[in-house]
*Asks:* 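Mind looking over this structure? Questions follow.
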Amino acid sequence: MAQLRRKVSEALSMAEVPYETIEHDESDDKSASVLKPVEETSAETQADGTGSINNEDDVTQESECRTHCAPETVEVGNLNLLSSKFESLDYDTCENHLLLDEERSKGYKFIMKKSFARWIIFLLIGIFTALIACFIDIMIEVLSDLKYNCLQFYVDSCVWNYCLVTPYLLWMVLNIVPVVIGSLLVTYLEPVAAGSGIPQVKCYLNGVKIPRVVRIKTLLVKVFGVISSVVGGLAVGKEGPMIHSGAVVAAGISQGKSTTLKVDLRILDYFREDHEKRDFVSGGAAAGVAAAFGAPVGGVLFSLEEGTSFWNQGLTWRIFFASMVSTFTLNSVLSTYHGRPGDLSYCGLLNFGKFETIVYTFSEFFIFILMGMTGGLLGALFNHINYKLTVFRLRYIQARWLKVFEAAMVAALTCTVGFTMIYVMDDCKPLGQDPTKFPVQMFCGDGQYNVLGAIWFQTPEASVRSLFHDPPGSHKVLSVAVFFVGYFLLSCWTYGLSVSSGLFIPSLLTGAAWGRLVGMGLEILLPGWKVDPGKYALVGAAAQLGGVVRMTISLTVILIEATGSISFGLPLMITLIMAKWVGDFFNEGIYDIHIQLAGVPLLPWEPPPLSNNIYASGIMSHPVVTFNAVENVGRIIDVLRSETHNGFPIVDQQCEDADSMKTCGTYRGIILRSQLIVLLQNKIFNESVEIWNPKQVSIKMFWKAYPRYQSIKDVSVTQEERLFTIDLRPFMNPASYTLLHSASLPRVFRLFRGLGLRHLVIVNDSNEVIGIVTRKDVARFRVWKHRGRMGMIELMISEK
Ligand code: ATP
């Protein structure tokens with residue numbers, strides 16, 4: 001055993017060995033296979049690749065710390081912790097007697113009705129998501145026009161009156177006021193609306209319940225928050241939040257009720273289950289992408305790539321339908337708003353402008369590869385700086401007023417950086433070369449405008465467009481270089497602020513700036529070549545975004561659809577692949593870093609490599625808290641009050657010695673805490689015979705309580721009722737998945753990942769319950785990567 005632990009210790013220390021894993025010997029003592037947590041791992045541990053591991057004496061403490069709990073002093077910002085506060089969603093159907101009764105009584109007609117309702121809901125998801133996108137877009141456009149119009153006037157008039165400090169202060173106020181409003185909304189009303197929401201949606205689709213993520217209040221804060229952030233001039237975009245907004249719309253429409261608004265339409269109650277809701281949410285996320293980028297196929301692929309745990313042909317088709325509807329609705333509404341009804345020329349919120357056919361030659365592939373690699377490097381740098389900043393925030397910026405203050409500070413800094421650039425950089429161009437709405441003259445001659453002023457005095461989307469389409473010679477190398485450095489650092493500081501914000505646009509803009517620099521460099525180096533700097537700006541934008549978020553398939557398709565240039569698909573794909581490979585060499589994508597910092601038990605696509613020698617018996621928890629098929633009400637209440645578990649196997653007889661590895665009876669099924677609470681609240685006791693009437697005891701009882709189940713503290717029973725019994729058999733899931741103790745970790749992992757399981761009961765050869773595995777038990781085994789080396793690390797579970 002000592003030898004085994006030494007091997008484990010060596011494997012997980014991962015100092016020099018390139019590809020290691022945990023050794024496990026089945027014949028060994030069972031307790032040896034359950035590893036003790038890492039004692040103390042600093043925030044630097046993973047990044048430095050020096051993860052420490054259990055020493056020999058600690059294994060005895062395992063029984064006291066059954067859930068691999070973390071040491072008492074947990075360092076904030078530790079990437080090697082899983083938080084126990086995140087519960088799982090149950091994507092497995094509970095095929096109990098109530099469901100069968102429901103199916104039998106309603107028949108085939110009901111299936112048709114349900115299928116029809118699904119299509120209608122996906123249609124509504126597409127329409128409402130697009131309408132929200134239109135609202136955000138129009139509000140931002142109107143408010144930004146007012147802001148930059150006013151600023152342009154003051155800048156131009158003050159240059160000659162020596163009062164430039166007035167427009168500077170005005171700019172600062174016009175930045176700070178909206179940003180503070182947005183930040184107050186997010187910080188005090190709904191913190192889960194901060195950021196783009198993509199990591200949260202990704203976790204939801206993966207099967208992790210993120211509290212309040214799909215509530216209507218979150219949607220409202222998100223919408224007004226993102227308008228405030230963009231109008232406030234922060235280095236953010238409105239596209240990422242659209243994905244979250246789509247997800248909330250989907251979750252709301254599909255349930256036919258809103259607990260926040262206390263409205264229950266009493267329709268669609270048959271969709272009140274986690275797996276049904278998940279399918280709609282993936283449609284909503286796709287509709288959000290479609291509305292944001294005018295990319296319906298990209299939307300479908302985004303939902304596929306970024307996490308949905310279940311996929312079938314019917315679902316793909318419906319999601320595609322929602323995405324198409326979303327793009328079409330947005331297009332129709334925005335075209336009408338811009339005075340061209342029926343023209344349908346506004347495909348998405350992000351408009352890259354019309355690219356004429358982009359031509360490229362074989363020799364340019366080499367440049368695209370190099371640019372992809374540069375994007376990977378810059379993306380990794382961005383993620384690393386942002387990771388350090390996030391850890392700093394977690395440690396020192398905890399008070400809510402401090403979060404708002406930080407947002408205000410960044411808003412002030414953004415305008416200071418912009419103003420300094422416009423003031424200092426002497427880059428003038430004749431009017432008419434740039435489609436900018438608010439050309440500022442500053443110190444330029446008559447009939448000229450300041451190039452940096454044109455970039456800063458518009459929304460970031462418009463700036464991306466300018467960098468893609470401005471004719472060659474529109475910018476000086478120095479001004480674009482200074483803009484790139486300034487914007488890179490600003491966007492890095494901005495992501496993670498307590499405001500609603502998207503990361504796509506700032507990354508695209510930074511990348512477009514350095515991509516254009518590459519184009520300008522090539523113009524100088526190869527005077528004979530007809531270089532189109534806009535093309536390189538596009539490749540740079542793709543490389544930078546790919547290097548930060550590390551998406552490949554969906555991002556390629558989104559960019560192809562947004563530019564409308566299918567022939568340029570291959571260079572974009574090559575760039576994105578290179579950016580991902582190079583970036584992955586150093587660290588994870590930005591969303592994954594934030595997910596890890598939050599300690600979310602997210603399951604990746606694949607199980608950890610070389611883990612076939614870890615067995616279910618080594619990862620399961622035991623002894624298991626179980627219930628009898630006919631259970632005493634008092635015991636159910638006591639167990640629910642004393643234990644925190646959410647799933648309990650049902651067995652024929654209770655085990656006698658709960659402290660040992662003895663079996664706990666023959667497996668019969670599994671029941672959830674939420675189901676037990678509903679049963680207790682409705683007093684479905686064997687002794688109260690009159691309630692056994694199909695109208696009262698039906699699956700609708702559970703649908704009604706979904707998704708905000710009461711806590712056990714809210715259940716009250718009399719002393720007499722405590723002596724009653726409940727027959728759990730009609731309510732338990734009799735066909736839940738079970739596995740033999742000898743199953744390997746990859747097999748357990750695939751069941752969880754593929755089927756979206758919440759609990760997996762482990763049985764012995766006689767079908768007796770000997771253990772239970774949950775998502776957290778599986779998520780603890782994570783692939784560790786650092787500078788090209790790879791291994792597996794076992795995470796701790798923290799109570800925080
Ligand atoms: P979730 O939080 O994912 O909804 P849960 O609350 O039932 O599920 P976890 O919080 O993941 O379970 O469980 C924490 C630990 O408790 C895990 O190691 C798990 O194996 C263990 N566990 C879960 N259910 C039981 C049970 N009925 N008896 C004993 N241990 C359990």
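This one's a predicted model, so the numbers in the text were calculated from it and none came from an experiment. Both ligands and their constituent atoms are indexed starting at 1 by order of listing.
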*Asks:* Can you sort out which atoms of ligand 1 are near Thr644, meaning under 4.0 Å from one of its heavy atoms?
*Replies:* 6 (O)

*Asks:* Going by side-chain contact (heavy atoms from CB on, under 4.5 Å), Ser282 matches just one of Val201, Leu304, Leu205. Which one?
*Replies:* Leu205

*Asks:* Suppose I only count heavy atoms of Ser621 and a 4.0 Å limit; which atoms of ligand 1 are within that range?
*Replies:* 17 (C), 18 (O), 19 (C), 20 (O), 21 (C), 30 (N)

*Asks:* Which residue in the set Ile772, Val651, Val761 passes side-chain contact (heavy atoms from CB on, under 4.5 Å) when paired with Val624?
*Replies:* Ile772

*Asks:* Any idea which part of Val625 is under 4.0 Å from ligand 1, heavy-atom wise: side chain, backbone, both or neither?
*Replies:* both

*Asks:* List every atom of ligand 1 that sits less than 4.0 Å from any heavy atom of Asp777, numbering the atoms from 1 in the order shown and giving each element.
*Replies:* 17 (C), 18 (O), 19 (C), 20 (O)

*Asks:* Give the atom numbers and elements of ligand 1 that come within less than 4.0 Å of a heavy atom of Pro623.
*Replies:* 29 (C)

*Asks:* Does Glu87 reach ligand 1 with a nitrogen or oxygen that is under 3.5 Å from one of the ligand's nitrogen or oxygen atoms?
*Replies:* no

*Asks:* Angle class for the Phe731/Phe702 ring planes (parallel below 30°, perpendicular above 60°, tilted otherwise)?
*Replies:* tilted

*Asks:* Quick one: OG on Ser196 to CD1 on Ile243, what's the gap to the nearest 0.5 Å?
*Replies:* 7.0 Å

*Asks:* Could you work out, for atom 30 (N) of ligand 1, the closest of Arg775, His645, Lys209, His759 by heavy-atom distance?
*Replies:* His645

*Asks:* Does the N or O separation between Ser84 and ligand 1 drop below 3.5 Å for any pair?
*Replies:* no

*Asks:* Tell me, please: is Gly647 in heavy-atom contact with ligand 1, that is, under 4.0 Å?
*Replies:* yes

*Asks:* Quick test of your reading of the model: are Glu276 and Lys114 salt-bridged, counting only N-O distances below 4.0 Å?
*Replies:* yes

*Asks:* So, regarding Phe648 and ligand 1 (criterion: nitrogen or oxygen to nitrogen or oxygen, under 3.5 Å), is there a contact or not?
*Replies:* no

*Asks:* For Phe724 and Phe685, take the angle between the two ring planes, folded into 0 to 90°, and tell me which bin it lands in: parallel under 30, tilted 30 to 60, perpendicular over 60.
*Replies:* perpendicular

*Asks:* Could you go through the side-chain hydrogen bond (donor to acceptor under 3.5 Å, both in side chains) check for Asp269 and Tyr706 one step at a time?
*Replies:* CA-CA 9 Å; Asp269 49 1; Tyr706 181 85; over 6 Å; no

